[in-house]
Amino acid sequence: MNVYDVLEERGFIEQVSDGEAVQRMLSRPSTCYIGFDPTSDSFHIGSLVPIMALTHMQRHGHKVIVLIGGGTAMIGDPSGRTELRKLMTMKRIEANAEGLKRQLEHFIDFEDDMAVMLNNADWLMPLNFIEFLRDIGRHFSVNRMLAAESYRQRMESGLSFIEFNYMLLQSYDFLHLYRDKGCTLQMGGNDQWGNILAGADLIRRAEGGEAEALTFPLLITSTGTKMGKSEKGAVWLDPDRTTPYDYYQYWINTDDRDVGRFLSLFTLLPMDEVRRLSALEGAELREAKETLAYEATRLNHGGEEAEKARNAARALFSGGMGGDSSIPTMEMKRDRFRGGISAFELFADTGLAKSKGEARRLIKQGGAYLNGERVESFEDLVTLEHMDEKGTILLRAGKKKYIRIIAVD
RNA sequence: GGGGAGGUUCCCGAGUGGUCAAAGGGAACAGACUGUAAAUCUGUCGGCGAAGCCUUCGGAGGUUCGAAUCCUCCCCUCCCCA
């Protein structure tokens with residue numbers, strides 16, 4: 001089966017320059033690329049669609065290039081944004097690229113050049129302005145650029161000249177990779193459509209070559225929010241920023257309507273299985289969500305972490321104490337409990353409530369639990385008595401947020 | 001460079017000397033209902049707290065018994081003209 005069909009079946013394709021041409025191209029080993037911003041040293045879930053797309057490409061024998069936009073990050077892409085991005089230092093960018101690569105290695109194999117990571121700063125930085133204008137700039141029509149959706153939006157609020165040039169630089173990336181690596185397909189989020197097409201055009205004009213564009217749908221959840229945000233903020237792939245437990249929780253809280261879509265996009269389960277799971281209804285759909293959460297966590301954090309997250313979740317949400325250590329745990333001095341500590345202070349200190357006022361409110365509204373029992377008054381004292389033999393206390397805020405406290409000397 | 005409009009609590013957005021911790025909406029949080037879903041209803045939504053106190057309306061000063069609201073300077077954004 002051609003990857004193109006796989007991508008299409010699994011819902012990765014929003015737009016393609018020429019479906020038949022891409023299908024033809026992918027019937028033999030090809031090279032494709034996706035650009036990523038090195039604005040952080042970790043991806044978050046929002047980047048998972050392109051990452052999964054690369055995973056599929058590689059598994060079908062295509063060479064993938066991960067392009068780090070070190071050069072373009074120094075300019076800022078206006079696409080889909082309302083503000084100019086902040087500029088970054090080269091050093092910062094390189095450090096970030098390292099972090100991103102480590103995460104990609106869970107999905108993509110960089111051995112034997114089957115995948116490479118490149119930084120466009122390598123060819124953008126040495127560019128000579130006059131030469132660039134003469135060789136590249138001449139192929140671009142300002143009229144056409146202004147018609148692009150991404151620029152049109154920014155025309156309302158103001159568009160700086162450097163941002164305006166982003167399209168040229170990204171097009172030049174594609175041209176460079178075409179010449180240097182034989183790359184003939186660029187993929188990206190649908191907000192990149194204009195830029196990607198411009199690059200394919202440039203290749204045709206400058207080289208007479210054939211190159212294609214493919215974009216992914218920009219995911220919004222069925223509740224209308226942007227993908228990848230939880231109450232704690234963005235959901236990161238980095239376990240230090242988002243623990244495997246929280247990562248798992250994010251997926252299991254998926255809206256019913258998104259389960260099928262997410263299973264096909266974010267797991268590698270066969271489509272037959274995906275269809276079976278998403279056909280489940282009512283409470284049974286939880287099985288599908290559990291599979292989604294488990295598989296997605298396994299891809300990013302490995303089987304062992306996924307297993308732990310699943311066990312912890314099962315234990316906690318079936319009403320038990322969840323002795324497993326993979327639920328968020330926090331150490332506190334045993335001494336603090338000797339004289340007793342007010343419940344509201346404890347909730348504030350653990351971060352389950354952002355301030356003491358919020359902790360009071362939480363308790364007053366009946367949303368605070370200590371070892372599974374509702375806390376009645378915010379002045380209630382929590383003491384050594386509340387600990388189990390291992391010296392732990394389980395706190396819960398609302399329905400889903402748990403923290404386990406373990407006493408240390 | 002000239003002219004105009006504007007910067008309010010997470011976001012949008014009222015408020016033009018005291019009744020303002022600041023309307024309304026959204027987001028978010030909690031409760032009820034549920035399936036760790038959605039929808040709905042109720043409540044909460046600056047900090048510390050018993051009352052009450054403290055900090056906030058781009059920044060810095062000033063006027064006043066009293067300022068988000070008036071004055072001065074500065075910073076930033078947008079629009080029109082060049």
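By convention in this document, chain letters (A, B, ...) are assigned in the order of the sequence lines, proteins followed by strands, and residues within each chain are numbered from 1. If you're wondering where the values come from, they're calculated on a predicted model, not measured in any experiment. Computed from heavy atoms alone, side chains included, the values below leave out hydrogens, waters and symmetry copies.
Using atom C1' as the reference point in both B/G2 and B/C11, the two lie 35 Å apart (nearest Å). Spacing between B/A32 and B/A38 at atom C1', rounded to whole Å, works out to 16 Å. B/C76 and B/G59 are spaced 10 Å apart, taking the C1' atom of each and rounding to whole Å. With both ends at atom C1', the span from B/A23 to B/C45 equals 15 Å, rounded to whole Å. Separation of the P atoms belonging to B/G26 and B/C80 is 33 Å when rounded to the nearest angstrom. Here, B/G61 and B/C53 have their P atoms 25 Å apart, quoted to the whole Å. Nucleotides B/A37 and B/A28 have their P atoms positioned 14 Å apart, rounded to a whole Å. A distance of about 7 Å separates the C1' atoms of B/U56 and B/U9, rounded to the whole Å.
The base of B/U36 sits within donor-acceptor range of the side chain of A/Gln249, with an N or O pair under 3.5 Å. Residue side chain A/Gln365 does not reach the base of B/G31 through any donor-acceptor N/O pair under 3.5 Å, judged by distance alone.
Separating the CG atom of A/Asn253 from the P atom of B/A28 is a distance of 13 Å, rounded to the nearest angstrom. Distance, A/Leu292 CG to B/U36 C1': 13 Å, rounded to whole Å. To the nearest angstrom, P of B/U34 lies 19 Å from CD of A/Glu284. Taking atom CG of A/Asp256 as the reference point, atom C1' of B/U34 lies 11 Å away to the nearest angstrom. Rounded to whole Å, the distance from CZ on A/Phe344 to C1' on B/A30 is 18 Å.
Between A/Arg361 and B/C29, a side-chain N or O to OP1/OP2 separation shorter than 4.0 Å is absent. Within the structure, a side-chain polar atom (N or O) of A/Lys401 is placed less than 4.0 Å from OP1 or OP2 of B/A30. For the pair A/Arg360 and B/A50, the criterion of a side-chain N or O lying under 4.0 Å from OP1 or OP2 is met. Within the 4.0 Å cut-off from OP1 or OP2 of B/A37, at least one side-chain nitrogen or oxygen of A/Lys400 is found. Close to B/U36, at under 4.0 Å from its OP1 or OP2, lies no side-chain N or O of A/Tyr245.
For A/Tyr247 and A/Trp236, the gap between ring centers reaches or exceeds 6.0 Å.
Using a 4.0 Å heavy-atom distance criterion, A/Lys364 is classed as making no nucleic acid contact. Using a 4.0 Å heavy-atom distance criterion, A/Lys356 is classed as a sugar-phosphate-only contact. Nucleic acid contact class of A/Ala353 (heavy atoms, under 4.0 Å, all strands): none.
The partner of B/G6, taking Watson-Crick or G-U wobble pairs whose two distances both stay under 3.5 Å, is B/C76. Under the Watson-Crick or G-U wobble criterion, with both distances below 3.5 Å, B/A67 has no partner in any strand shown. Look at B/C20: it lacks any Watson-Crick or wobble partner with both distances under 3.5 angstrom. In this entry B/U44 has B/A28 as its Watson-Crick or G-U wobble partner, both defining distances falling under 3.5 Å. Applying the Watson-Crick and G-U wobble criteria (two distances, each under 3.5 Å), B/G1 pairs with B/C81.
Below 30°, between 30° and 60°, or above 60°: for A/Tyr172 and A/His176 the angle between ring planes is between 30° and 60°, a tilted geometry.
Checked by atom type, the side-chain pair A/Tyr369/A/Arg374 shows a donor-acceptor distance below 3.5 Å. Counting only N and O atoms by type, the side chains of A/Ser42 and A/Asp238 include no donor and acceptor under 3.5 Å apart.
For the pair A/Lys308 and A/Tyr245, the cation-pi test (distance below 6.0 Å, angle within 45°) is failed.
Closest approach of A/Gly340 to A/Leu381, counting heavy atoms only: C-CD2, 4.1 Å.
When the nearest nucleotides of RNA chain B are assigned to A/Tyr248 and A/Gly357 by heavy-atom distance, the more 5′-ward of the two goes with A/Tyr248. RNA chain B is contacted by both A/Ser355 and A/Arg374; A/Arg374 maps to the nucleotide lying nearer its 5′ end (nearest heavy atom per residue).
When each of B/C29, B/A37, B/U36 is scored by its nearest atom to the side-chain atoms of A/Ile252, the top-ranked nucleotide is B/U36. The listed nucleotides are B/G31, B/A38, B/C48; the one nearest the side chain of A/Asp255 is B/A38. Nearest to the side chain of A/Tyr369, among B/A50, B/U36, B/G31, sits B/G31.
Put simply, NZ on A/Lys289 and OG on A/Ser278 are 12.5 Å apart, with the number rounded to the nearest 0.5 Å.
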